[in-house]
Structure formats: structure tokens, C-alpha cells
Amino acid sequence: MDKCEWKRVFDQVKPTPEQEQAMLDRLLQEQKEVKPVSRRKKITVVLVAAAVLLMACAFTVATGVDQRLLALFRGDEQDAQQITEGVVSVGESYTYDNGWTVEVEQVLVDRYSLAALVDLIGPEGTVLDGEDCFVDFASEIIPEDGEGVGSYVSGSTVLEDENPEDNRISFLWQRGPSTFLKSGTQSMIGCEITLRPRWLTRGGSRGVIADFRGDQRTFTVKLPEKDSGWTYQLGCPLQVDEETMTLEELYISPISAVCFVNGTPNDSRMWGPPGLSDIYESLVLNMADGESVAMSQSVSQTYNPESGEGRLVFQTERIIQPENVVSVTLLGQTFSLENVITAD
């Protein structure tokens, strides 16, 4: 491929000159071989890698959404339009004295859930296969709007690694909203969130791989003002085990479903009725076209025994259009959303 052909390819994607040079430098750098390889074979490998990088770049430019975020929801370009308003491009990185680099690429957020796309790059010679690895951040929502003790639930998922023998690993770090004992749950819409890397660990007894706490580097992200989700005021009886609770509210966004339930105040059980844990596997969103959408994972489940209130945040298995949900089924009980009052 001569210079003119390269130029036509890059012009279709329209990266900046700096992005173009960085891609070329990275591609050429990755062609180091232990034994001689023919010039034709080298060129073939470079062109294949270039095509992959250019397609990923073109997709992100066109939709504003990193392909890795969409892959978690089995989404395509059309699905990307449903979550665009909830995506914030960050593109910030920091290199620590220990040689590790943390890159925060994008943040995907709705009212009650947040997912940060993060890359970690180890010192030269480090091998990061991702097996049983976890990354942790300290995080705060600004302004903090609540009374009493506040807490949140967080976790991370290792993303598919195309080269498990290199020194780079990608995560989706997720957190739920802050919940306060005396004032309920705080929305993330329109706030700022801070992300301060703490450590990269490997499960079991293998311990900490990299510790970032010595340098208090904080990434601050301004979250979108617009909420992509719908809130339904229900107030319907919900049978949980042998108890009757109330399904007070249901929040549905393109990427999540949140159940607000209410039971008996001054509950002696820290986590409420055991049956609450079954909502995750039983919750299904019934769509207008007859399809059903299940949950792919639990983001956050909290219960306040003092008030008897519970909040359960789940990630949907694929991106949806909230307005197309006609009913929900949980714990074997179906609740229609037709003619139900929605709230801001």
C-alpha cells in the first residue's frame, strides 16, 4: 500500500494528524519478530492490524461510543444511539512512580448506575492475562446530597483481551448510587464524580499486583444532565417469600432496571427477606414486540432495615428502548406499565 492509498484510508476515518502518527507508530512497533519475516508477510500483518484499528476508530468517531462498551450489551451502531447521551469521553491517563499507567477512556451513566472503561498498562515486561483480576477505585459524587451514613457498591469486570501476554488490561469498573440511611438514594444525573485508583489485585491469596494509593491522583468527570431512563410510580403489592412488600417504583433505562421495594420498618434482618436476592434471576422486561429482556448482572443491592426500604440495581443483557417496555415480571408476578404514571 503506497502513501496515496494510506491517505485515502485515513481520510475516510478523519483522525487528527497526531492520532494518525500514533496509530502508525504503534502498528510498526508491534511488528518486532524474533526471527526474520518476509517483507510481504510484515506488510500483510500491518495492514490487517491497521484495518482493525481504523474500523474501531471510525466506529467511535461516528457514534461517540467505544466498541468495548457496546460489546458488553451485544450492541451495534443502532443501539449506540440509545446510550449516546449517557456517554462521557474522558481520555485521561496518569503514570505512577511504580511504572504503571491508568487510563480512563469513557464513562457510561444513567440515574442509578455508572460504568467506567479503564485501561491499565504495566511496566515493560509485565504480563497481564486478566485471570481473576480486579481493579478498585475510591469514588465520590459531588455534591453529596444525603443525610446520615452514606455508602455505595462497586465492582469490576475484565474485558476480553486480544493479547493476554502483553502488559495491557482493560476493565469495566461499575458502581451504584450512594445510599444514605436517612435520605434514600442519590441520583448521578448532573453531578460530578471522582475516580481515584486504589489497586489492581488478583483473587485468592495472590494479592496486590499494583498499588496506586501512594499517589492520590484523582480523575474528575462531569456527568450528563439528561436522564435516559423512565421512572414508574407503582405502589403495588409484591409477594416476597411469605411476606407482602410493596414495589414502590421501577426505573428503566437503556442499560439498567432498578426496583424500589418497601417492607417492614425496624427489620431485625440486616438484608431483609431472603427472597429479595431472587429478584435478579427472576426479573424480566417484557417488550411491546413480544420479546423479553433478562438481567445480565447485579450492579447494587442495598437494604435499610431501619426503614424497610430496598433498592436493587441490575444491568440489562442488552440495550433497550425504555418506552417499549409494556410490563415487568419478577418473582413470578407481572406488573403492567401501561397507563402507569411516570415521574421525572
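Numbering starts at 1 and runs along the sequence shown.
Proximity of a side-chain donor or acceptor of N98 to a complementary backbone N or O of A210 within less than 3.5 Å is not detected. A donor-acceptor pair under 3.5 Å is formed between the side chain of D241 and the backbone N or O of G275. Under a 3.5 Å cut-off, the side chain of T244 and the backbone N or O of P237 do not form any donor-acceptor pair.
Scanning for ring pair (Phe, Tyr, Trp, His ring centres under 6.0 Å) contacts around Y96 gives Y94, F212, with sequence neighbours left out. F260 is linked by a ring pair (Phe, Tyr, Trp, His ring centres under 6.0 Å) to Y112, counting only residues two or more places apart in sequence or in another chain. Judged as a side chain to side chain donor-acceptor pair (under 3.5 Å), and not counting sequence neighbours, E105 has no contacts. Under the rule for a ring pair (Phe, Tyr, Trp, His ring centres under 6.0 Å), the partners of Y280 that lie at least two apart in sequence or sit in another chain are F314. Scanning for ring pair (Phe, Tyr, Trp, His ring centres under 6.0 Å) contacts around W230 gives an empty result, with sequence neighbours left out.
A salt bridge links R269 to D267: at least one charged side-chain nitrogen sits closer than 4.0 Å to a carboxylate oxygen. Salt bridge absent: D166 and R168 never bring a charged side-chain N and a carboxylate O closer than 4.0 Å. Ion pairing between R213 and D136 fails under the 4.0 Å rule for side-chain N and carboxylate O.
The neighbour count for E317 CD, taken as heavy atoms of other residues, nucleotides or ligands under 6.0 Å away, is above 12. Within a 6.0 Å sphere centred on CD of E242, other residues, nucleotides and ligands contribute 12 heavy atoms or fewer. Within 6.0 Å of atom CD in Q239, more than 12 heavy atoms from other residues, nucleotides or ligands are found, so the atom counts as buried in its surroundings. For D289, the CG atom sits in a packed shell: over 12 heavy atoms of surrounding residues, nucleotides or ligands are nearer than 6.0 Å.
A side-chain N or O of S296 and one of Q315 form a donor-acceptor pair less than 3.5 Å apart. Residues T194 and T220 bring no donor and acceptor atom of their side chains to less than 3.5 Å of each other.
Within the model, atoms CG of L200 and SG of C133 stand 5.5 Å from one another, a figure rounded to the nearest 0.5 Å. Rounding to the nearest 0.5 angstrom, the gap separating the OG1 atom in T95 from the CZ atom in R217 is 10.0 Å. Expressed to the nearest 0.5 Å, how far CG of L195 lies from CZ of R198 amounts to 13.0 Å. Interatomic distance, OG1 of T126 versus CD1 of I121, reported as 11.0 Å (0.5 Å rounding).
Closest approach of P197 and F219 over heavy atoms only: CG-CE1, 3.9 Å. What you find for K222 and E225 is that their closest heavy atoms are NZ-OE2, 2.9 Å. Across all non-hydrogen atoms, the minimal contact from P305 to M270 is CD-O, 3.9 Å. Of all heavy-atom pairs between V90 and V104, the closest is CB-O, 3.5 Å. Shortest non-hydrogen contact noted between L234 and S336 is CD2-O, 4.4 Å. Closest approach of Q82 and I320 over heavy atoms only: OE1-O, 4.1 Å.
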Inset, instruction - For the pair F137 and S156, evaluate side chain to side chain contact (heavy atoms under 4.5 Å, CB included) and give the outcome as yes or no after the intermediate values. - result: CA-CA 10 Å; F137 287 80; S156 65; over 6 Å; no
Inset, instruction - Dump the intermediate steps for side chain to side chain contact (heavy atoms under 4.5 Å, CB included) on V326 and L337, then the final yes or no. - result: CA-CA 5 Å; V326 295; L337 300 183; 6.0 Å; no
Would you mind writing out the side-chain donor-acceptor pairs for residues 247-259 within the sub-3.5 Å range, not counting sequence neighbours?
| residue | atom | partner | partner atom | Å |
| --- | --- | --- | --- | --- |
| E249 | OE2 | Q233 | NE2 | 3.4 |
| Y251 | OH | R111 | N | 3.1 |
| Y251 | OH | D227 | OD1 | 2.7 |
| S253 | OG | D110 | OD2 | 2.6 |
| S253 | OG | I255 | N | 3.1 |
| S253 | OG | S256 | N | 3.1 |
| S253 | OG | S256 | OG | 3.1 |
| S256 | OG | D110 | OD2 | 2.6 |

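For the side-chain contact (heavy atoms from CB on, under 4.5 Å) with S292, the qualifying choice from N286, L285, T329 is N286, the only one to do so.
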